[in-house]
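Report on the following structure.
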Amino acid sequence: MQRTAAELAHLLEGTLDGDAAVEVNQLSKIEEGVKGGITFLANMDYEGHLYTTAASVAVVAKAFQPTRALPQGLTLIRVTDPYAAFGKLLELVSHEEGRASGIHPTAIIEPGAELGAECSVGPYVVIEAGSRIGRGTELRAHVHIGRNVTVGERCVFHSGVHVMDRCVVGKECVLHPRVVVGADGFGFAPQQDDTYKKVPQTGNVIIGDRCEIGAGTTIDRATLGATRLEEGVKLDNLIQVAHNVTIGAHTVIAAQTGIAGSTHIGARCMIGGQVGIAGHLRIADGVRIAAQTGIAASITREDAVYQGTPALPIKDFQKQQLAVRKMAREDLLKRVTHLEQQLNQLRS
Amino acid sequence: MQRTAAELAHLLEGTLDGDAAVEVNQLSKIEEGVKGGITFLANMDYEGHLYTTAASVAVVAKAFQPTRALPQGLTLIRVTDPYAAFGKLLELVSHEEGRASGIHPTAIIEPGAELGAECSVGPYVVIEAGSRIGRGTELRAHVHIGRNVTVGERCVFHSGVHVMDRCVVGKECVLHPRVVVGADGFGFAPQQDDTYKKVPQTGNVIIGDRCEIGAGTTIDRATLGATRLEEGVKLDNLIQVAHNVTIGAHTVIAAQTGIAGSTHIGARCMIGGQVGIAGHLRIADGVRIAAQTGIAASITREDAVYQGTPALPIKDFQKQQLAVRKMAREDLLKRVTHLEQQLNQLRS
Amino acid sequence: MQRTAAELAHLLEGTLDGDAAVEVNQLSKIEEGVKGGITFLANMDYEGHLYTTAASVAVVAKAFQPTRALPQGLTLIRVTDPYAAFGKLLELVSHEEGRASGIHPTAIIEPGAELGAECSVGPYVVIEAGSRIGRGTELRAHVHIGRNVTVGERCVFHSGVHVMDRCVVGKECVLHPRVVVGADGFGFAPQQDDTYKKVPQTGNVIIGDRCEIGAGTTIDRATLGATRLEEGVKLDNLIQVAHNVTIGAHTVIAAQTGIAGSTHIGARCMIGGQVGIAGHLRIADGVRIAAQTGIAASITREDAVYQGTPALPIKDFQKQQLAVRKMAREDLLKRVTHLEQQLNQLRS
């Protein structure tokens, strides 16, 4: 970005207080402001930084009254909601970072693969036969699309993403680097001689519109049928989604969580990091699960909140934790032994 | 696949009940049957779906008697074991998905690397000097084989697999996308000035025949000697195997488990997901470990079953969990305090 | 390596006992010695293996006196510290495995990217516009450097590493295969209609000098400002570092640990594997955290040692664990119930 304060005030529907012509070329936190930077003050706990910031422009609330002298040359843009205004600036910057459309000469697009208009295909991308990529989708360097894959419009697949044969990705999805969609599920049938025989994994993965999937996350194909992410699901990094799992719309899951085979997660759930969810369970809509929790049984009550291993409703878990800590600290065992001795004396 | 019902009945050694000429081109679950699909009924809990399925063909038990009217035009194939028959169909489909043999013109095979007959090498693969790839092995797009690597016959390495210098992979192994074999182990010697000095990791990784390794899993090279997977080991996704670990034959490990350095896991073990096993331990043959367990001490009894952090024999763990839950719920602390007060009154 | 015993004795400042001309070409553990191998005896528990080793050369302490007959033809090199001497040999071997400098003809270096002297750039590497790579840095096959990235001198980025736009890596860093630096942080603002809106992640990642990052580890860019690793940080495999995290100098973290957003980890910390650390916390310098621990609150005391979920000072945790185990085993609940009954009898 390279904009004047006046242009930005206009964009943010704010009023200017200072030099309309000053140019800014980057965003910064208020405590790390630099010349040529624009910052914002939304949380008044950070007000002190405003009086010492080196930033050229600060976005503040309409009603903001400085309680000390502002830095020489700091221009203010006054807006209704500084936090929302800063969000707009963030989007402005991020939109400017997309790659130009066009197909790199080293991209390999097998005969029978189809690309929509305005796609961007980076160097060393491989798209195998029978796959269709929607209009305006961007595939960065080293992406690999297998056979008969369908990808919707306006997706961004970052470097090294791999979507395997017959999987389907909706529109406006973002897949971060090294995501693997459609590797074989972990299915092996034990044999009499202690060896295992692979159960072929012939299903696929179907990902809805507007999903975002974090770096290094793996989503396995179904044994039969589909592993499904409904629309708007957001997965963080290094998550494992096993075969035949379903994740409901607008559910968000933090990093390093694992979901075992055939489990159905409801819509609008919020699941913390490093959670483990066993196979063949049902988690109701709107359930929230604290980080590192281990779920070994279905949760049927909507909007329930769970924690612990094995998991309990969060209040029960916290009560139990507290009770255990107290009992351990009080050396209850000694007290009971002492009671028994006294009682025996009394009875004898 | 594109087969007639008659061809499939022959293949499955079954008898036909319906239209021998109907063509099927895909497998489906009974509850998701589509025209042109073949499905199966093994678990009678799903019988209801048979009467409404849109599939063209269903595989059922020889003795099966419909209790309602079957869908118009549904052809049955009757077999001794519908589940086993469906397994055969799964294999049929999966066999048809392999890549043709041949070396893509963009594959870089350094002088001094050797490929057996009938190998398939995908686009942008790199095979460095001194490596040998066995007959019939398939390396998909973006695979990287370092120097002096040995890979056996009939392996499949999916897209982006990286096997580093001097590692050895047996025959008929499947490595899923983004597996890393042979990165440096995590070895650093603390120095007087609080910095660390790298301990060079000069060993390798040796993987036995018929192992399968899930997407994103990392297996580090030994400091000295070898990190070893014996034959038939099956690892799920995003597992960490540290330097100098040994995993015995036909052991299976679920996703996101981590095994610290120099630990020896026995043969025929079954280890759940998100398990952590500390370094320098020995786990006996046939041991089973529940998901999310933390193993901090060796397990010497064969076929033992462990759970919890720190881990206990599973029955002891479950008894302990139950006792703790009960004690916490009963507010034992209050009851003991009350007993003490009563006893004091009695004694005074 | 290919050296004579005499050359190695000279290198290790040791004295020779045997055939000065014998050639060795590999290192081996004492229990796995092979002809042409050099091994060492530092820990006398392994002395027995010395009398049966097939190695050609063994490094032993100056004062070592064999208590049995040595194998025919075994040459000894006597040194002050056999363990340190073997470390030197390890380094010798590892130095010999680097790639020659030079730029592979398939590497794509966009106009405006700059490479220092003596860089090595492997096949199918992509370096985008505006990036600068320091002198002597090695980028192995399939590495992807985004736009305006800065990489210091003498780094090694292994196959498939991806450093995204505007990130900064110091000098002498080692990034193992499939490391992702600078993917978007996990930031989504909940909307009234239950959907989420992406919070653009416009910061970067700044990694100090001499850091080492394990295979498959992901380090997300900051929402604003930088996610930072200070100098000398060592991360193992499959670790998740979320947006705006700071990790202090010379901190080491074992595999599969996750650190949530905006947490500051101090310098010289040692963090075990599979640890989870919640967001917005501060961990003091020198803190040690046991494997699988869950940290939900800041740790302000330097050099403290924590364990458990939720985490406690390690002694408190172990005491609590012991007390719980004892109470559960003793069936305290029954004993208290029995006491209550007896007391009631006494009182009636």
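Not measured: the values here are computed from a predicted model. Letters A, B, ... mirror the listed sequences (proteins, then strands); counts begin at 1.
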Based on non-hydrogen pairs under 4.5 Å, which of [options] is most in contact with chain B?
options: Leu333(C), Asp236(C), Thr106(C); answer: Asp236(C)
options: Arg178(C), Glu31(C), His176(C); answer: Arg178(C)
options: Ser28(C), Gly273(C), Ala141(C), Gly232(C); answer: Ala141(C)

What part of [X] gets within 4.5 angstrom of chain C, counting heavy atoms only: side chain, backbone, both, or neither?
X: Asp220(B); result: side chain
X: Pro190(B); result: neither
X: Val125(B); result: backbone
X: Ile239(B); result: backbone
X: Asn244(B); result: side chain
X: Val241(B); result: neither
X: Val181(B); result: neither
X: Gln321(B); result: neither
X: Leu332(B); result: side chain
X: Gln292(B); result: backbone

Report task. Answer with yes or no whether the side chains of His250(C) and Thr195(B) bring together a donor and an acceptor at under 3.5 Å. Result ->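 Looking only at side-chain atoms, His250(C) and Thr195(B) do not form any donor-acceptor pair under 3.5 Å.
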Query raised in the report: Any side-chain donor paired with an acceptor under 3.5 Å for His144(B) and Ser159(C)?
Result: yes
Taking 4.0 angstrom as the limit, do [X] and [Y] come out as a salt bridge?
X: Lys198(B); Y: Asp184(B); answer: yes
X: Glu230(B); Y: Arg228(B); answer: no
X: Asp303(C); Y: Arg268(C); answer: yes

Query raised in the report: Listed by residue number, which members of residues 208-218 of chain C have a heavy atom under 4.5 Å from any heavy atom of chain B?
Result: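 Checking residues 208-218 of chain C against chain B gives Glu212(C), Ala215(C).
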Measure from the side-chain N and O atoms of [X] to the backbone N and O of [Y], and report whether any donor-acceptor pair falls under 3.5 Å.
X: Thr257(B); Y: Gln274(B); answer: yes
X: Asp165(B); Y: Arg147(B); answer: yes
X: Ser298(B); Y: Ile283(B); answer: no
X: His49(C); Y: Ile30(C); answer: no
X: Ser120(C); Y: Glu138(C); answer: no
X: Thr227(B); Y: Ile219(B); answer: no

Checking heavy atoms, do the side chain of [X], its backbone, both or neither come under 4.5 Å from chain B?
X: Thr309(C); result: neither
X: Leu235(C); result: backbone
X: Glu231(C); result: neither
X: Phe317(C); result: neither
X: Leu339(C); result: both

Are [X] and [Y] packed together at the side-chain level, in the sense that at least one heavy-atom pair is separated by less than 4.5 angstrom?
X: Tyr124(C); Y: Ile108(B); value: yes
X: Val199(B); Y: Lys197(B); value: no
X: Tyr306(B); Y: Ile314(B); value: no
X: Ile271(B); Y: Ile265(B); value: yes

Report task. Just grab all the salt bridge (Lys or Arg N to Asp or Glu O under 4.0 Å) pairs involving residues 317-338 of chain C, residues at least two apart or on different chains. Result ->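 Counting only pairs at least two positions apart or across chains, the salt bridge (Lys or Arg N to Asp or Glu O under 4.0 Å) contacts touching residues 317-338 of chain C are Glu340(A)-Arg335(C), Glu330(C)-Arg335(C), Asp331(C)-Lys334(C).
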Query raised in the report: Which one of His338(B), Gln345(B), Met164(B) has the most heavy-atom pairs closer than 4.5 Å to chain C?
Result: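 Maximum pair count with chain C is reached by Met164(B).
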Query - Greatest number of heavy atom pairs closer than 4.5 Å to chain C - which of Ala222(B), Ala226(B), Ala242(B), Pro310(B) - result: Pro310(B)
